[in-house]
Each structure stands twice: as structure tokens, then as C-alpha cells.
Amino acid sequence: MRIQLDWFNEKLATRLADLEAGRVTPAAPRDAATVMVLRSTEPPPEALGGYGGSSPRETSLDVAPDTMAPFAIGREIQVLMLRRTAAMKFAPGAYVFPGGSVDPADYGAEIGWQGPSAAEFGARLGATAEVARALVCAAVRETFEESGVLLAGVPGDPASPLATPSWPSWEADRMAVASGTLTLAELLSRRGLVLRADLLVPWARWITPDGEPRRFDARFFAAALPEGQEAVGHEAEADHVAWLRPADAIHAAKAGEISLLPPTATTLNDFASAVASGAGLADILAERRVIEPVQPRLVLEDGAAWLVIPDGVGYPR
């Protein structure tokens, strides 16, 4: 799959030529984490008479998360998307999922943890246990910073209620985490919470093309919006928060109404295809995907820049 990019400059041409000639080496990609927060908009019949929760069970990446909103197993889903501000250096104006780079504080953090081990995440994500632990911490931290959604709860029973960060003091904590004056580990410890790693489902891995000067090795996770939580944006990074049906987001991008990066569009297509085949949110979160790294190539031909995406990854046509 080839996508023509709407930007081209001499600096890019020189860099690609230098890379091809071996005069420079690609920038090392930074580890990053992205979370697709999903919610169902259609209650299943059994939910109409009340929600009984679920019983405790062994925590594994092979099963869907236990703690979801009451209607999380419905057949119609929406995904949380943030529109990046025009001032952002990378992808201004694009609709993206919450996420960002792994911070130094994400490594080796003394943090309460509930769910599959870091080693099990690492086996799925192509990372060491240390890096996988940092990726999961970054996923939870960035999602809280950028959307206010917090994948954390009281320790113990997996079916116990999750945190509901809705009071003013929580907003102050969110701003402190975003500014780096409060770590995620410190926040959870102070609030008596543990990180709920069992709510994150490994989904994909995308690596920025070699030709880009700023590169990321991004692991994507899926998670259901916890019951009682609401998503709010972070004005420094997003000027609009939207819950979109995956198929609608893809249609809007094709119509030129919104901008999507290739990994975002591909992931949305994964969800749209699943829903079209009759899957609900619980089905999506129960999927154990084989995660292979996807790394597009950046090429220049006849004065135009092209992004070449490997076949078979599911990019919407």
C-alpha cells in the first residue's frame, strides 16, 4: 500500500539520500505506548435488568478484562479520539488515541500492579520484562494525562470497582502527573490504588520509518472505558475530544474531514471489521493477537514523498 504524502522538502530528500548511501544512520526509535479506549453504546439484553459484574478468575492476557462498564459487551462500539492542537510539532490537527513516549520514571517504578506479569506482556510485545513494565506504566500514565481515564483500582478482587477520578483534587493530580511533578507510582500509592494491567489488551506495534528524524517504537493497547469514568482532554495537547464509531472515523478521513495517521487508521479498521462481522466489545478485548512489528518505508519518487505500508496489515483502502 502506497500513500502519497502532502509534504516534501529538500531537507527530507537529503536525509533519505544520505540514508540510502550509508552516510547517516537512522535515529533510534523511542519506546512509546498508545491506548485505544473503547466503549459500547448498545446495551446487551442481559444488561437491561441490571449488571451483576463477574466473578474473580485467574488473570491472564488470554481472557478479556473483568471490569468493564455495564454496557461494555454490546455490539456497537465507539473509540476515544483526541484532536491534536495546531501548535503540536508532530501531526498537528490529527485525530489520535491517547499515548506518548515512555518516561524515565516509568522504568523501575515501585508501583502496585495487578494483572499479567511484565514478562508475559514482554513476550507479547517483543520487549524485555523491564521495557514491557515501563510500556504498561506509560500506557496508563499517558491515558490519564491526556484523557482523565485511569486504569487503576483498589488492590485485591479483580471485580472490585475501579477508581473514579472525578473530583477537583483528581484534576490537580492529573495536571501534576502531566507536568512531571508527580509520578504515576506516587499518585497510586497516595490514593491506595494499584495499576490494573489486566485491563490492557496488547493490540499492535508500529515503528516509525527510518527516514524520519524523530522515531518511535509504539505498542498499542485496547481497553474498555471503566464504569463511572468520563474522558476529558488536556488543553495543552488536544483541542477536541470525540467518541467516534471506527467506521465513521475512517469515512470522515476518506472524505477529508479529519486527519488520521496510518497506524490510527489501521487500528480503526481492525475495530470496524470486527464490528461488521458481529463482534462486540467483549469479543474484541478477548482477542489474542499475534503482534508483529509494522514499519512503513518512506521513499521519494519524481519529487513526491510516498509512505509504503506493508501488505496485509489492514490499512483501509
Side-chain angles (χ1 to χ4, degrees), residues 31-38 53-69 72 80 97-103 105-165 177 183-205 217-227 229 281-282 284-289 291:
D31 287 312
T34 296
V35 179
M36 294 82 68
V37 180
L38 303 167
S54 53
S55 59
R57 65 188 176 198
E58 182 180 355
T59 302
S60 167
L61 287 177
D62 293 329
V63 295
D66 259 329
T67 306
M68 299 182 192
L80 175 64
F97 309 123
S101 299
V102 174
D103 282 350
D106 295 320
Y107 287 97
E110 293 294 329
I111 193 168
W113 181 286
Q114 186 164 306
S117 69
E120 187 174 354
F121 272 105
R124 297 288 309 282
L125 299 172
T128 65
E130 179 187 18
V131 172
R133 185 178 181 85
L135 286 165
V136 171
C137 288
V140 173
R141 176 182 53 76
E142 287 282 350
T143 302
F144 181 55
E145 288 181 18
E146 296 187 359
S147 72
V149 173
L150 182 60
L151 302 176
V154 296
D157 188 345
S160 297
L162 299 180
T164 24
V177 172
T183 68
L184 177 66
E186 291 168 342
L187 168 66
L188 298 186
S189 176
R190 191 170 71 191
R191 295 279 185 172
L193 303 172
V194 295
L195 182 152
R196 288 292 301 272
D198 56 323
L199 302 182
L200 288 166
V201 177
W203 194 264
R205 178 182 180 187
D217 186 345
R219 274 69 162 203
F220 287 65
F221 302 87
L225 176 70
E227 181 179 1
Q229 294 196 26
L281 184 50
I284 291 172
L285 295 178
E287 184 176 352
R288 182 180 174 89
R289 295 170 60 86
I291 298 173

Item to check | Chi angles and distances behind the side chain to side chain contact (heavy atoms under 4.5 Å, CB included) call for Leu195, Leu188 | outcome: CA-CA 7 Å; Leu195 182 152; Leu188 298 186; 4.0 Å; yes

Checklist entry - Just wondering, do Met36 and Phe221 contact through their side chains at under 4.5 Å, heavy atoms? => result no

Checklist entry - Minimum heavy-atom separation for Val35 to Phe97, with atom names? => result O-CB, 3.4 Å

Item to check | Nearest heavy-atom neighbours spanning Pro226 and Leu150 | outcome: CG-O, 4.2 Å

Checklist entry - What is the minimum heavy-atom distance between Asp106 and Ala138, and which atoms define it? => result OD2-CB, 3.6 Å

Next on the checklist: I'd like to check the side-chain hydrogen bond (donor to acceptor under 3.5 Å, both in side chains) partners of Arg191; sequence neighbours left out, ordered by chain and number.
Outcome noted: Ser169, Asp173

Checklist entry - Between Ser147 and Thr143, is there a donor-acceptor pair closer than 3.5 Å when you use the side chain of the first and the backbone of the second? => result yes

Next on the checklist: Once side chain to side chain contact (heavy atoms under 4.5 Å, CB included) is applied, do any residues pair with Ser101, and if so which ones, sequence neighbours excluded?
Outcome noted: Arg30, Phe216

Checklist entry - Distance-only, no hydrogens or angles: does the Arg288 side chain make a donor-acceptor pair with backbone N or O of Pro202 under 3.5 Å? => result no

Next on the checklist: Checking Val201 against Glu287 for the side chain to side chain contact (heavy atoms under 4.5 Å, CB included) test, could you report, in this order, the C-alpha distance in whole Å, the side-chain angles of both residues, the deciding distance, and whether it holds?
Outcome noted: CA-CA 8 Å; Val201 177; Glu287 184 176 352; over 6 Å; no

Item to check | Flag, side chain of Glu142 to backbone of Ala33, donor-acceptor distance under 3.5 Å | outcome: no

Checklist entry - Got Trp113 and Val136 here, is their nearest side-chain heavy-atom distance under 4.5 Å? => result yes

For a quick test of your reading: what N or O donor-acceptor pairs under 3.5 Å do the side chains of residues 125-134 make, sequence neighbours left out?
from, atom 1, to, atom 2, distance (Å)
Thr128, OG1, Val131, N, 3.1
Arg133, NH2, Ile111, O, 3.3

Checklist outcome for this item: Minimal heavy-atom distance between Arg219 and Asp31, with the atoms involved, is NH1-OD1, 2.9 Å

Item to check | side chain to side chain contact (heavy atoms under 4.5 Å, CB included) evaluation trace for Val154 with Leu193 | outcome: CA-CA 5 Å; Val154 296; Leu193 303 172; 4.2 Å; yes

Next on the checklist: Checking the side chain of Gln229 only, and the main-chain atoms of Ala163 only, is there a donor and an acceptor separated by less than 3.5 Å?
Outcome noted: yes

Checklist entry - Which pairs pass salt bridge (charged side-chain N to carboxylate O under 4.0 Å, His left out) with one or both residues in residues 144-154, sequence neighbours excluded? => result Arg141-Glu145

